[in-house]
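Notes follow the structure.
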There are 2 protein chains.
Amino acid sequence: MPTKTQERLKSQARVLKALAHPTRLLLVEELARQTRCVCELRDAAGVDISTVSKHLSLLRNAGIVKDEKRGLKVFYSLKTPCVLNFFKCVESVQKCSK
Amino acid sequence: MPTKTQERLKSQARVLKALAHPTRLLLVEELARQTRCVCELRDAAGVDISTVSKHLSLLRNAGIVKDEKRGLKVFYSLKTPCVLNFFKCVESVQKCSK
DNA sequence: TCTATATGTGGCTAAAAGGCCAAATAGGCA
DNA sequence: TGCCTATTTGGCCTTTTAGCCACATATAGA
């Protein structure tokens, strides 16, 4: 297999892996509704704030969310709404594969 | 967060996680082209056949591929082509998030 | 400056994932 | 039956992931 293909597959897998966690999916859904700061997201997710922070930086590194500091708080939002298409994809696979 | 929501997120994450690996993405691409037996897939993936077998059973459990035994060989194919939409999703996220 | 709040980082532990090898299983054929 | 091929399974080891706690950093405001 060409190195180029391997690199493509790895980079595609990286995006999928970033989303492949229940908490991170929840974060994406919350951010689809509106921009939120970390402590609001912690309340929504119900895990330690340091855990949320790590999930968010993972999503940021994957190019899925962006952040903006305003005073004490850091507000996160979706970098692009097209990430929401994944939810549709999942749904259709689950539906079709029954 | 309601238990129902947690369950939904977990089950959505399960599908994404099944795809979130370079080798498994390769397997899906190969199977999109045509039905293949395990040893053909091993040649395409370039890893141990037992590893391929485990990836395939993971994909089967996620409802992404199906298998059919013919004589000595087991042929795998996509359970539904709509799983290919994920590739488009990944591409658009990568494109939009630059 | 001192304090309180919000967030990020480092460290540790437990669990999950991914790989290979060896052995088990199943089917075809002499 | 006995052997060969294809696939799966179990075991083991290494790496990665996810969580929490404790601490570091940054900013607002008294």
* Expressed in angstrom and rounded to an integer, what is the separation of B:Ile49 atom CD1 from C:dG19 atom P? -> 15 Å
* Asked: Which nucleotide, C:dG19, C:dG11, C:dT7, lies nearest any side-chain atom of B:His55?
  -> C:dG19
* To do: Could you please name the option among C:dA6, C:dG18, C:dC21 that lies closest to any side-chain atom of B:Ser50?
  => C:dC21
* Would you kindly compare B:Val47 and A:Lys54 by the position of their nearest DNA chain C nucleotide and give the one closer to the 5′ end? => A:Lys54
* May I have the distance from B:Asp67 (atom CG) to C:dT25 (atom P), rounded to whole angstrom? => 19 Å
* Asked: Backbone N or O of A:Gly63 within a donor-acceptor pair of the A:Lys79 side chain at under 3.5 Å?
  -> no
* To do: State whether B:Tyr76 places a side-chain N or O below 4.0 Å from either non-bridging phosphate oxygen (OP1 or OP2) of D:dA6.
  => no
* **d(NZ, B:Lys69; C1', C:dT25) in whole Å** => 8 Å
* To do: Using a cut-off of strictly less than 4.0 Å, decide whether B:His21 has a side-chain nitrogen or oxygen near OP1 or OP2 of C:dG19.
  => yes
* Send over the distance from B:Asp48 CG to C:dG19 P, rounded to a whole Å. => 10 Å
* Do B:Arg24 side-chain atoms and B:Ala18 backbone N/O form a donor-acceptor pair below 3.5 Å? -> yes
* Asked: Tell me: CG of A:Leu9 to C1' of C:dG18, nearest whole Å?
  -> 16 Å
* Interatomic distance where CG belongs to B:Leu72 and P belongs to C:dA24 [whole Å] -> 19 Å
* Asked: Salt bridge or not for B:Glu68 and B:Lys66, using N-O below 4.0 Å?
  -> no
* Does A:Arg24 make a side-chain N or O approach to OP1 or OP2 of D:dA18 shorter than 4.0 Å? -> yes
* Cation-pi between A:Arg60 and A:Tyr76: NZ/CZ under 6.0 Å from ring centre and within 45° of the ring axis? -> no
* Asked: Where the side chain of A:Lys73 is defined as all heavy atoms beyond and including C-beta, which of C:dT7, C:dG18, D:dA18 is the nearest nucleotide?
  -> C:dT7
* Mapping B:Arg60 and A:Thr23 to their closest nucleotides on DNA chain D, which lands nearer the 5' end? -> B:Arg60
* To do: Take the protein atom CG of B:Leu27 and the nucleotide atom P of D:dT7, then report the distance between them rounded to whole Å.
  => 13 Å
* Atom-pair distance (CG on B:Leu26; P on C:dG19), nearest Å -> 12 Å
* **Closest to side chain of B:Thr51, choosing from C:dG19, D:dT8, D:dA22** => C:dG19
* To do: Name the closest nucleotide to the B:Val38 side chain, picking from C:dG27, D:dT8, D:dA18.
  => D:dT8
* **A:Lys17 vs D:dT17: side-chain N/O to OP1/OP2 distance below 4.0 Å** => yes
* To do: Decide if atom CD of B:Glu91 counts as having more than 12 heavy atoms of other residues, nucleotides or ligands within a radius under 6.0 Å.
  => no
